[in-house]
2 protein chains.
Amino acid sequence: MKQTGDLNLVKKINKSIVLHHIRTDSPISRARIAEITGLTKATVSSLVNELMESSLVDEIGVGESSGGRKPMMLLFNGTAGYAIGVDLGVHDILAVLTDLTGKIVREKRVMHDNNSAEEVIEQLKTIIRELISSAPESVYGIIGIGIGVPGICDEDGNLLFAPNLGWENVSLQKQMEETFNIPVVIDNEANAGAVGEKQFGAGKDTANLVYISIGIGIGAGIIIKGELYRGATGFSGEIGHISIQHDGPKCRCGSLGCWELYASEHALLEQARREFGGAVTLDMLLGRAEAGEAEVIALFERLGYYLGVGVVNIINGYNPEFIILGGRLAGAEKWLMKPLLQLLEKRSLSHLRKLPKVEFSQLSDRSTVLGAASFAVAKFFASTTVSVERS
Amino acid sequence: MKQTGDLNLVKKINKSIVLHHIRTDSPISRARIAEITGLTKATVSSLVNELMESSLVDEIGVGESSGGRKPMMLLFNGTAGYAIGVDLGVHDILAVLTDLTGKIVREKRVMHDNNSAEEVIEQLKTIIRELISSAPESVYGIIGIGIGVPGICDEDGNLLFAPNLGWENVSLQKQMEETFNIPVVIDNEANAGAVGEKQFGAGKDTANLVYISIGIGIGAGIIIKGELYRGATGFSGEIGHISIQHDGPKCRCGSLGCWELYASEHALLEQARREFGGAVTLDMLLGRAEAGEAEVIALFERLGYYLGVGVVNIINGYNPEFIILGGRLAGAEKWLMKPLLQLLEKRSLSHLRKLPKVEFSQLSDRSTVLGAASFAVAKFFASTTVSVERS
DNA sequence: CTAAGTTTGTTTAATGAATTTACAAACTAT
DNA sequence: ATAGTTTGTAAATTCATTAAACAAACTTAG
C-alpha cells in the first residue's frame, strides 16, 4: 500500500532533485547543485553522469570562474524526446508537438462538428498521427500524449461527463493508449490550463493561483503550493455551479442561480438573443463591440460584473495570490476587465489581505495545450525519476 | 530547500510505516507487518525493537497460531505520553487531556467574557496548567498542546484575525510555547473539527469529507484523501463568505450576500430579534422550539434551507463523499435536517453522482478538542518518525 | 612570473539500512 | 514421532550516501 523506503527510493529522490535543478536553473554546474541541494559533490557527480548517460543532460562547456577552477556547465537536453498536447474543444481540436521543455515545435488545429464521439476521436487520432510523423528524430521519441477535455474525468482517464460535447463515459485514455501505445494523460481543460499558465504563462512565479476558463461553460483549475489541486474526484468544471443567487433560475445541474448561468459564453449569447433577437455568435458580438455599439459593450460589461461576483467567491474560498482568466471569452478582456476590477475592489476586505492580482491569459488559447503536454512530460519523468508519496 | 534522500530518511519512512500499522491495526505481529508493508521480517524486527526501546510499542503476549509458531502480538502504547487539546470558543474554553490514542482522560470547561485577549489567554494558561498537573505519570509526559481557534491562522501559529473574538494578530503559539516549553499547534477550529471527525467521529472510514462548523459564524474544514486540505493561507473560516446572493445585503467582509449572513447563529438571532423583538439567545430559541412554538421552528427551518444552499455550493465546489455538520447549532439538528435534505435532493444532479452523506456530528462539541489534541500528537510523531515531502 | 589560495570535480574508504539467505524455535497436523 | 509451517533472529551482502583526500584548473597578490 504505502511506499516503503530503500536505497532505490533514495536514489530516485536525489536524481529527481538534481534533474529538477538542471531543468529549472540551467546552465548550472555540479558544484552549484551540490551547494543548493545539500548533497555532496560526489553524489551529484554520480547522478549527473547517469543523467548524461540517459541523454537527459548535456555538458555545454566551461563557465565563468568565481576564483578557482572553471565549472563545467550542464544543460537539460530538451530534445531528447517530444510530447503531444491536445485541447479538445467543443468545436475544434488544437494539438501541439512540444519538446521536453514545453517549446512548441508543431501546431495543428481542426474544426469538428461533433456529430458523434467516434468521429471526433477519429479526427483526434488523425491529427495526432500527423504530429507524430512530423516529429524530429530523438532518443526517446514521442514520450506521451496529454489531452485537456471540457468535462469531468476520473483517475483512469475516463471522460465521465462533458455536457457541452454531449459525451458521457468515454474511455478516452484507454482508447488512445491502445492506438498509439504510449502513455496518455486525460484531464479537465481548466486543470491543464492552470498548469500551462503556471509553467509557461503569467503564473511562473506564483505558488498559489486559480485559472478560470471562461468558455461555453466556466471551469477553474487551482494551483496550491505549486501543485495542481484536485478535489475528491475531478473537482474542476464544477465551479461554474456554485450558486450566486440562491433563488435564481434553474440550472441543468439541478441547482438554482449557478454562476455559469450568468457569466459564461452561453449566458452571454442567450442574453444577446433575448435583447437583439436572431442568431448571435461570440465573434459577431466581439465585432459589434469593437465597432463601438453601446448596447453590446453594456452586455460585456454586465458579464464582467458577474465574472467578478464569482471571482470574489473564489477569492474567499481559496485565497489565491493570482487569478488568471482564460478561455474563449478572454478575447473580450477590453470590456470585461474594468467592471470586474471595480467589483473586486468594492467587495473585498482590503485591510486584511492584499487583493490578488487578476489578469487575462498571456498564452492566448494555448494554456490548455501547453498544460496538457506538460502532463505528458511529467508522467514521463515520473516513470524515470519518481517522486515520493507521503508516508 | 527540498528534502534530499539518505539512509536516515529511509529509516524514518519505514519506522513511521511500521508504527502506523501498529497504531491502526493492533494487535498485530511482526510477521504480519512485514507481509502487508513489503518490508522484510528482519527489517520489521529491527524497527519494532527500536520502537519498544522508545516505549511506543509493547509486546502484549502470543496470539493464535495459523499453522506454525504462535506470533508475538504488538500493541501501541497509548499511555507513553499525553496531549492537550483546546477549543477556544467565543464565550468558553473547552480543554481536554488525551492519551496518544486520543482517548480523553480529563476534561475542563470554563466560560470567559472576552474582555481582552490577555485575560482570556491567562484563563487558557490556567486551565492548561491544571490539566498538566492532573496528568498521569508517563515516559514522555505532556508531548504537546493543540488549540483550535475561531479565526484565521498563519503557519507560524499566529492568530491573524478572529472577528467574533475581536482579536487580531495574536502570537498565540509563541506565547504558549514560551510559557509551557512544549510544542504548540494552532489551527482554525473547523480544521481541527474536521480532523477530529475524521479520526474519532463519523468520518473514520471516509477519505473525503467536509466538516461544517455552524456557530456564530460558519467555518469549514476539508479533508481530501485522508488529509486536511489547507488553502493557500488559512483558507477555512472564509467559506462563510461565499456569496449566495450576488446582490444581497452588505457583509462586514465587503462582499454582498455572504452565506454567513443567512445561515449562522448570528443570522438566526438577528432574525429572531427582528421578528420577536427583545433579547434573544440560542438556548432560549432551542427551548421555545422544543416547546413546539411554530414561529420559532419555522425560523430554524429557514436556517436549514440556507444551510442547504451553502452545502450545495460546497458539494459542487469540492465533491466530498461526506458532509458532517457540527458546531453550536448542531443542537438544532431536529429542525434543520429536514429542510436541508429536501433542498439537497432537489438541487443536485443526482443521476450523475450519488449524493454525499450528510450527518450531524456524533462527537457533540468535542470534534474540535479531539482534532486539536491529535494535531499535537501528530507533531510529536512527526518529530520522531518523519514523513516525506514530495520531491 | 611565481606562490598561495580557491574552486571544481573525482577517487577512495567508511557508514548504515535494507535485503538475502540461513536457521532456530515453536507450533500444527497426520 | 515425523513432516511441514510460521515466526522471529542472525550473518553476510548490497548499494547509495557521506566524508575525506586529492588532482586539476583557475585567480590573485606581491
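Numbers restart at 1 for each chain; the letters A, B, ... are given by sequence-line order, proteins then strands.
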* Asked: Taking the side chain of Arg30(A) as heavy atoms from C-beta outward, which of dG9(C), dA19(D), dT15(C) is closest to it?
  -> dG9(C)
* Asked: Taking only N and O in the side chain of Asn14(A), is any of them less than 4.0 Å away from OP1 or OP2 of dT17(D)?
  -> yes
* Asked: Side chains of Ile104(B) and Asp99(B): closer than 4.5 Å at any heavy-atom pair?
  -> no
* Is a donor-acceptor contact shorter than 3.5 angstrom present between the side chain of Arg69(A) and the base of dT7(C)? -> no
* Starting at the 5' end of DNA chain D, which residue's closest nucleotide do you reach first, Glu59(B) or Asn8(A)? -> Glu59(B)
* Structure fact -> To the nearest angstrom, the CG-C1' distance between Asp6(A) and dT14(D) comes to 12 Å
* Could you check Ser29(A) against Lys41(B) and say which one's nearest nucleotide on DNA chain C is further toward the 5' end? => Ser29(A)
* Nearest-Å distance for atom pair CD1/C1', residues Ile60(A) and dT8(C) -> 18 Å
* Test log, rule side-chain contact (heavy atoms from CB on, under 4.5 Å), inputs Leu51(B) and Lys15(B) -> CA-CA 8 Å; Leu51(B) 288 169; Lys15(B) 203 167 183 175; 3.9 Å; yes
* Structure fact -> Testing dT8(C), dT17(D), dA17(C) for proximity to the side chain of Leu47(A), the answer is dT17(D)
* Nearest atoms (heavy-atom pairs only) where Phe180(B) meets Ile128(B) -> CZ-CG2, 3.5 Å
* Any side-chain N or O of Thr40(B) under 4.0 Å from OP1/OP2 of dT19(C)? -> yes
* Quick one: label Ala42(B) by what it contacts on the DNA or RNA (base, sugar-phosphate, nothing), any heavy atom closer than 4.0 Å. => base
* Asked: Roughly, in whole Å, what's the span from CD1 in Ile33(B) to P in dT7(D)?
  -> 12 Å
* **Atom-pair distance (CG on Leu39(B); C1' on dG8(D)), nearest Å** => 15 Å
* To do: Indicate whether OP1 or OP2 belonging to dA17(C) is found under 4.0 Å from a side-chain N or O atom of Lys11(B).
  => yes
* On DNA chain D, nearest-nucleotide positions of Gly68(A) versus Glu35(B): which is more 5'? -> Glu35(B)
* Distance below 4.0 Å between Ser66(B) side-chain N/O and dT28(C) OP1 or OP2 -> no
* **Length of the CG-C1' vector between Asn49(A) and dA16(D), whole Å** => 15 Å
* Asked: Quick one: Lys15(B) NZ to dA18(C) C1', roughly how many Å, whole number?
  -> 15 Å
* **Lys/Arg-Asp/Glu bridge criterion (N-O < 4.0 Å) met for Glu64(B), Lys70(B)** => no
* To do: For Lys198(A) and Thr206(A), indicate whether the former's side chain and the latter's backbone hold a donor-acceptor pair under 3.5 Å.
  => yes
* **Pairwise 5' ranking along DNA chain C for Gly5(A) and Ser46(A), keeping only the more 5' one** => Ser46(A)
* Taking only the side-chain nitrogens and oxygens of Ser65(A), find out if one of them lies under 4.0 Å from OP1 or OP2 of dT7(C). => no
* Protein-nucleotide distance (Lys70(B), atom NZ; dA29(C), atom P), rounded to Å -> 12 Å
